[in-house]
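So you know, we letter chains A, B, ... as the sequences are listed, proteins then strands, and number each from 1.
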Number of protein chains: 2
Amino acid sequence: MLNLTLEDIARMAGVSRSTVSRVLNEHPNVRQEVRERVWEVIRRTGYHPNAAARTLASQRSWVIGLVLPRSVSSFFTDPYFPHLTQGIAQACNQHNYTLSLFLVATKEDEEKIFPRVSRKGSLDGILVQSGEIGDQLIDRLVESSVPLVIIGRPFHTEGVSYIDVDNVSAAETAVRHLLELGRRRIGLISGPFNTTVGRDRYDGYLHALASYGIDVDRALVAEADFTEVGGYTAMQRLLPAKPDAVFAASDLMAIGAMRAARDAGLRVPEDIAFVGFDDLPIATMASCPLTTIRQPVAEFGVKAVETLIDVIENGLEPPRQVIMGTELVVRASSGAEQRGIA
Amino acid sequence: MLNLTLEDIARMAGVSRSTVSRVLNEHPNVRQEVRERVWEVIRRTGYHPNAAARTLASQRSWVIGLVLPRSVSSFFTDPYFPHLTQGIAQACNQHNYTLSLFLVATKEDEEKIFPRVSRKGSLDGILVQSGEIGDQLIDRLVESSVPLVIIGRPFHTEGVSYIDVDNVSAAETAVRHLLELGRRRIGLISGPFNTTVGRDRYDGYLHALASYGIDVDRALVAEADFTEVGGYTAMQRLLPAKPDAVFAASDLMAIGAMRAARDAGLRVPEDIAFVGFDDLPIATMASCPLTTIRQPVAEFGVKAVETLIDVIENGLEPPRQVIMGTELVVRASSGAEQRGIA
DNA sequence: CAGGAAATTGGGAGCGCTCTCAAATCTCAA
DNA sequence: TTGAGATTTGAGAGCGCTCCCAATTTCCTG
């Protein structure tokens, strides 16, 4: 039962290797009767074709890699990544691909992982999370001309496929929501400015203020790192500037920030309103349910896989650039209901 | 640069295919001068050996699979799994293995994944998270006689390799800590009773009570599912029985439970003390820093990988059964300091 | 019932590597 | 200088599959 080969099955079914291969790969042009006889033998023996041999002969591994670069240190702190991974894993399974996970923690990791990832014959394609703007990893992957889809817009977009949400307008919507509720001293807890997502959400914040003719007050902007602790300390830096609302570029930071505001004796949302970004389950479970931008994280992962499969099957050109929609989810933390009642 | 083979490198270096193979695999018995010449060509051309061909010829894929069964629905809610995965990924990288991730969400997933996982030639070994006691997945994997290490003690332990912490004594330590602080109506928010980890921590709770001659009050025991929401609702069920302390079988549940206690107007730890389990970063960030059992989650992952590699290299027998230590970490939630001061 | 087209089947040549074995080369003591 | 033994190298036979091509069989149509 252990080391059966195509040849063995062929002998047992009284046909040739080629015919068994045809049956296995669902090629047409095999007589129904023969097809059934072969399947019967396969089932009875519990035969599974050898993946390596298949890959070698067909130049197709049915494996895709998910690469999370060094800068994504928050893999295990921010629920965003598990959710994304979940969506990706599910889609891989759906499409009969196997998912390999490459967590790049250090520079040495990167050197070790790189050959494994870019080498032909082990991976059909790569999904890589966009990271810091200076990071060479993505450029190196692009150069290796392996089918590649970047999760989150990279800094250089010419000729590369990526998938993202429209962070600028999503952030603008979030901040506008606060403006519409009458808040005027709106703080921003941004993501890192050396990431496109950090910059984009900052730009959205600026646009919203500009549309209301409000000048940006630098004391109302604090850069953080997408973590809860980062949100907490950023909020402490913002407090002296007396914001009456804060847009945080992730739910986790919003939760940290709310905690900091509470610890400073402020009431949410009466004294200070909050809007987050992501709409992960924690958003509803926060001490004050969070108004936030919902992005379809799991579907995002699914779409990334499907885009990558498209690239694998139909070539790198033209670059696929997919932008997914977001929506504002209003809950208690922005004080929308208070105002409605008042 | 793209489709170089061993043969090409051999020709360019003026040696045979075999010699290049020897150089690549660091076999001895290659003249220093030749070795360097070959490396030089490899470096210059950017050649990487084809993984599939290597696997086919050597019957070794250098890939291990991490299988998370259906019952582990909390992959994306409980930070435990990302931490574990992180440890595993890091160790894989260290040992030059590639990690493939198999998230089993549905029965169909399981059917799709199973052949990919048990088939020879794609995976050198498997790490599988222990799940519900009735789950057939592990039994099927054991039968397929692929090198296997189970994360968390499975229900049937004969002949299988696994790695776990001593949940019984860890839980006992946690509950004893509360008893030593003078608490007597100690509630338990347990994990699911259809998991070994759920049962073990329950047993530890019983042992601790027994050692103080306290009879267990069924109204003080609530089964939950390791989620924060589960902890919250379990706490609500416990409240009528007026516990003065609660041991929750995970930090996440402890946090949910504390929130429920607060929402019911109780003060932590004055009115009710809490002890959790895991000591993940969220434990320190809780509204009241959590006394908890620290288990070495990331090292756990590392150890699992190392144990699996041992099994891969030295055979399935004898079964490796590794138990790792835990320690009690005292913070504010158990009220130890109050008592110290009083 | 012939004859050609279509459907079905088998054989062979790889895919790119590892590994055994024998040949070639080198080393050094006598 | 020679030859036994050690070291280094190359040739060849797979690993188990896919896929092309040619051979065989089946199916129609007139």
Mind running side-chain contact (heavy atoms from CB on, under 4.5 Å) on B:Arg60 and B:Arg54 for me, showing each step along the way?
CA-CA 8 Å; B:Arg60 199 87 152 58; B:Arg54 238 180 185 182; over 6 Å; no
Full working for side-chain contact (heavy atoms from CB on, under 4.5 Å) between B:Phe102 and B:Ile126
CA-CA 10 Å; B:Phe102 299 89; B:Ile126 302 173; over 6 Å; no
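In the 5' to 3' direction, nucleotides of DNA chain C lying under 4.0 Å from heavy atoms of chain A begin and end at C:dT8 to C:dG16.
Using modelled atom types, one finds no donor on one side chain facing an acceptor on the other under 3.5 Å when comparing B:Thr98 with A:Ser100.
B:Glu36 is linked by a salt bridge (charged side-chain N to carboxylate O under 4.0 Å, His left out) to nothing, counting only residues two or more places apart in sequence or in another chain. Under the side-chain contact (heavy atoms from CB on, under 4.5 Å) criterion, B:Arg17 pairs with B:Leu6, B:Glu7, not counting sequence neighbours. The salt bridge (charged side-chain N to carboxylate O under 4.0 Å, His left out) test applied to A:Glu33 returns A:Arg31, A:Arg37, not counting sequence neighbours. Listed by chain and number, the residues in a salt bridge (charged side-chain N to carboxylate O under 4.0 Å, His left out) with A:Arg116 amount to none (sequence neighbours excluded). For B:Arg11, the salt bridge (charged side-chain N to carboxylate O under 4.0 Å, His left out) partners two or more places apart in sequence, or in a different chain, are B:Asp8. For A:Tyr97, the ring pair (Phe, Tyr, Trp, His ring centres under 6.0 Å) partners are A:Trp62, not counting sequence neighbours.
Each of B:Gly14 and A:Glu7 was assigned the nucleotide of DNA chain D with the nearest heavy atom; the assignment lying further toward the 5' end belongs to B:Gly14.
Between the side chain of B:Asp124 and the main chain of B:Ser61, a donor-acceptor pair closer than 3.5 Å is present.
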Donor-acceptor pairs under 3.5 angstrom involving side-chain atoms of residues 147-161 of chain A: please list them, not counting sequence neighbours.
| unit_1 | atom_1 | unit_2 | atom_2 | d |
| --- | --- | --- | --- | --- |
| A:Arg153 | NH2 | A:Asp200 | OD1 | 2.6 |
| A:Arg153 | NH2 | A:Asp200 | OD2 | 2.4 |
| A:Ser161 | OG | A:Arg320 | N | 2.8 |

Give every pair of a protein N or O atom and an N or O atom of nucleotides 7-9 of chain D that lie under 3.5 Å apart, one pair per line with the distance.
| unit_1 | atom_1 | unit_2 | atom_2 | d |
| --- | --- | --- | --- | --- |
| D:dT8 | OP2 | B:Asn29 | OD1 | 3.0 |
| D:dT9 | OP1 | B:Arg31 | NE | 3.1 |
| D:dT9 | OP1 | B:Arg31 | NH2 | 3.0 |
| D:dT9 | OP2 | B:Arg31 | N | 3.0 |

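Distance, A:Arg17 CZ to D:dC20 P: 14 Å, rounded to whole Å. Atom pair A:Asp8:CG and D:dC17:C1' shows a separation of 13 Å (rounding to whole Å applied).
Among the atoms of the strands shown, base atoms are found under 4.0 Å from some heavy atom of B:Ser18.
Looking at residues 56-64 of chain B, you'll see B:Leu56, B:Ala57, B:Gln59 sit with a heavy atom under 4.0 Å from some atom of DNA chain D.
A heavy-atom distance below 4.5 Å is found between the side chains of B:Thr307 and B:Lys303.
Residue pairs satisfying the salt bridge (Lys or Arg N to Asp or Glu O under 4.0 Å) criterion with at least one member in residues 43-53 of chain A, sequence neighbours excluded, are listed as follows: A:Glu40-A:Arg43.
Between the axis at the start and the axis at the end of the helix from C:dC1-D:dG30 to C:dA30-D:dT1 there is an angle of 40°, using five pairs per end and rounding to 10 degrees.
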